[in-house]
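Data first, discussion second: the structure below is written as structure tokens.
Proteins come first, then strands; the chains are lettered A, B, ... in the order of their sequence lines, and each starts at number 1. Below, all heavy atoms of this structure are taken into account, side chains as well, without hydrogens, waters or symmetry copies.
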There are 2 protein chains.
Amino acid sequence: MTSPAAFAATAVLLADPARAAMLTALLSGEALTASELARVAGIGAPAASAHLGRLVKGGLIAVHPQGRHRYHRLASEEVAAMLETLGGLTEAVSPARRWPHGEAFRTARLCYDHLAGRLGVALHAGLTGQSWIVPTAGGWVATEAGEVGLTAMGVDLAAARTARRFACDCMDWSERRAHLAGGLGREIAACCLRRHWLTRIPAEREGDPLARRRLRMTPEGARRLGEALGIAA
Amino acid sequence: MTSPAAFAATAVLLADPARAAMLTALLSGEALTASELARVAGIGAPAASAHLGRLVKGGLIAVHPQGRHRYHRLASEEVAAMLETLGGLTEAVSPARRWPHGEAFRTARLCYDHLAGRLGVALHAGLTGQSWIVPTAGGWVATEAGEVGLTAMGVDLAAARTARRFACDCMDWSERRAHLAGGLGREIAACCLRRHWLTRIPAEREGDPLARRRLRMTPEGARRLGEALGIAA
DNA sequence: CCTGTCCTTCGCCCCATGGCGAAGCACCAA
DNA sequence: TTGGTGCTTCGCCATGGGGCGAAGGACAGG
């Protein structure tokens, strides 16, 4: 029997401060070990293990055992989008207890594995405005012009196509507009980081779960992204 | 001090089955009394009162006292979008416990006060594709052509402008694409319902919190929406 | 007024959940 | 094999929170 209020079962997983801290840390897109996550959450190893077990069972995170370590990452794009949205709601509803993201956070950041913030929204607008991608059922597909342009930028389209979704929208809360997720979003972000068009901003204090999500655009990046997509930095 | 895992405070409000049922019921966009919500949640009046108090305090719902009755509605567009997203995540993560929305639910439904589902996404694509709305910082604005076209449809643009946001994106989970929210989204939905281009589908069983969210397009509606926006029903 | 209704507050019980320490596995390195 | 380390399981305790019944305000109608 499916309950009409089915999402409560998922919401309980988000409702604990320790689990929330873990999930927030994983929004950087990096895979973290159980002990790293325990430290981030400020709890002991046994408690962390229990939390991680519930998160895995609930389908929110996935595990990659590697020797003695167990690396954890968010289970999917959907989970990342959900956390981003919930964080934005919290900020909209109660500015007093919003998380401490500064202006840099709104300008450009990682949302799991793709670009968000003003840059992410501008990228979405640029791709659709130039018809490099066009709508289809359940997402977007690349046009011929898009394939040429993206390949010239250095984006690995073959890798992007291996994802479950090639390109789809993800809500950008700080901008109230959609940015690009899916395989294409991932590969564009990877390309920008690989070529040092974007660099991660180091954390200001130790153990900040939002560390490594903030991005800064290099002069080279502003030029290249600008000319490729006609967007203003 | 703002905790990095700030969203946990909001998530606890969603994590209870009774509160989740209440919020789900309010997604229909209607204002409900405390006793109606108690019945929907399957709990007594005292428990419902406590839950509603917490939801109001948390900024998720708003109250309108009216005589002996206290009407409750969702506090904002953001809350509705958040619930929609969380419901979608639950379905993506765990199809076993997804809520029972049939095909009609995916085709056309209300997301609080605006249109969602395939129809909502098609509407968004039609408005942007014909340049009736164009992007701006934090949302969309209507062009001159858009003002003419929308007014001809019967949409009250003056009313739409009284909203906090004129037009912004809202994530459509079943389609993985953005649909239109904000004052314009609200007025378009109101127009379609007023002119009987769309009608609510009656609930199949008593007390279904998803009741009155499902929509069906009338032949007249398909024709009018189709010719106005060039969308396929 | 008094009555019925709607809603809230209060007091109480109960159990689900989160935390830890200790012990037990699993794996790498010597 | 023998440690050393990372992680999990087990047992236990404390607390928070959700539920109800009973009682108390607020409001409409006679």
Q) Atom NE2 in His179(B), atom SG in Cys170(B): separation rounded to 0.5 Å? A) 3.5 Å
Q) In terms of side-chain heavy atoms, does His114(A) have a donor or acceptor partner in Glu77(A) at a distance below 3.5 Å? A) yes
Q | Option among Leu74(B), Leu37(B), Leu86(B), Val40(B) that satisfies the side chain to side chain contact (heavy atoms under 4.5 Å, CB included) test with Leu23(B) | A | Leu74(B)
Q: Between Gly67(B) and Gly44(B), name the one whose nearest nucleotide on DNA chain D is closer to the 5' end.
A: Gly44(B)
Q: Taking only Lys NZ, Arg NE, NH1 and NH2, and the carboxylate oxygens of Asp or Glu, determine whether Asp172(B) and Arg109(B) approach each other closer than 4.0 Å.
A: yes
Q: Rounded to the nearest angstrom, tell me the gap between atom CD1 in Ile43(B) and atom P in dG19(D).
A: 5 Å
Q) To the nearest 10 degrees, how far apart in direction are the end axes of the helix from dC7(C)-dG24(D) to dA30(C)-dT1(D), each fit to five base pairs? A) 40°
(Q) Between P on dG19(C) and NE2 on His51(A), what's the gap in Å once rounded to a whole number? (A) 4 Å
Return a table of donor-acceptor pairs under 3.5 angstrom between the side chains of residues 183-194 of chain A and protein atoms on other chains or two or more places apart.
{"unit_1": "Arg186(A)", "atom_1": "NH2", "unit_2": "Ala159(A)", "atom_2": "O", "d": "3.1"}

Q: For residues Glu30(B) and His72(B), determine if any side-chain heavy atom of one lies less than 4.5 Å from a side-chain heavy atom of the other.
A: no
**Q.** Whole angstrom value for the distance that separates P of dG18(D) from CG of Leu14(B)
**A.** 12 Å
Q) Heavy atoms, side chains only, cut-off 4.5 Å: are Thr107(B) and Met217(B) in contact? A) no
Q) Is the cationic atom of Arg177(B) (NZ for Lys, CZ for Arg) positioned less than 6.0 Å from the six-membered ring centroid of Trp140(A) and within 45 degrees of its normal? A) yes
Close N or O pairs between protein and nucleotides 3-13 of chain D (under 3.5 Å):
{"unit_1": "dG4(D)", "atom_1": "N2", "unit_2": "Arg68(A)", "atom_2": "NH1", "d": "2.9"}
{"unit_1": "dG6(D)", "atom_1": "O3'", "unit_2": "Arg68(A)", "atom_2": "O", "d": "3.4"}
{"unit_1": "dC7(D)", "atom_1": "OP1", "unit_2": "Ala34(A)", "atom_2": "N", "d": "3.4"}
{"unit_1": "dC7(D)", "atom_1": "OP1", "unit_2": "Arg70(A)", "atom_2": "N", "d": "3.2"}
{"unit_1": "dC7(D)", "atom_1": "OP2", "unit_2": "Ser35(A)", "atom_2": "N", "d": "3.0"}
{"unit_1": "dC7(D)", "atom_1": "OP2", "unit_2": "Ser35(A)", "atom_2": "OG", "d": "2.1"}
{"unit_1": "dT8(D)", "atom_1": "OP1", "unit_2": "Arg70(A)", "atom_2": "NE", "d": "3.0"}
{"unit_1": "dT8(D)", "atom_1": "OP2", "unit_2": "Ser49(A)", "atom_2": "OG", "d": "2.8"}
{"unit_1": "dT8(D)", "atom_1": "O5'", "unit_2": "Ser49(A)", "atom_2": "OG", "d": "3.0"}

Q | Between P of dC28(C) and CD of Gln66(A), the distance in whole Å | A | 10 Å
Q: Return the value, rounded to whole Å, for the distance between atom CG of Leu55(B) and atom C1' of dG18(D).
A: 14 Å
Q) Expressed in angstrom and rounded to an integer, what is the separation of Arg39(B) atom CZ from dC7(C) atom P? A) 10 Å
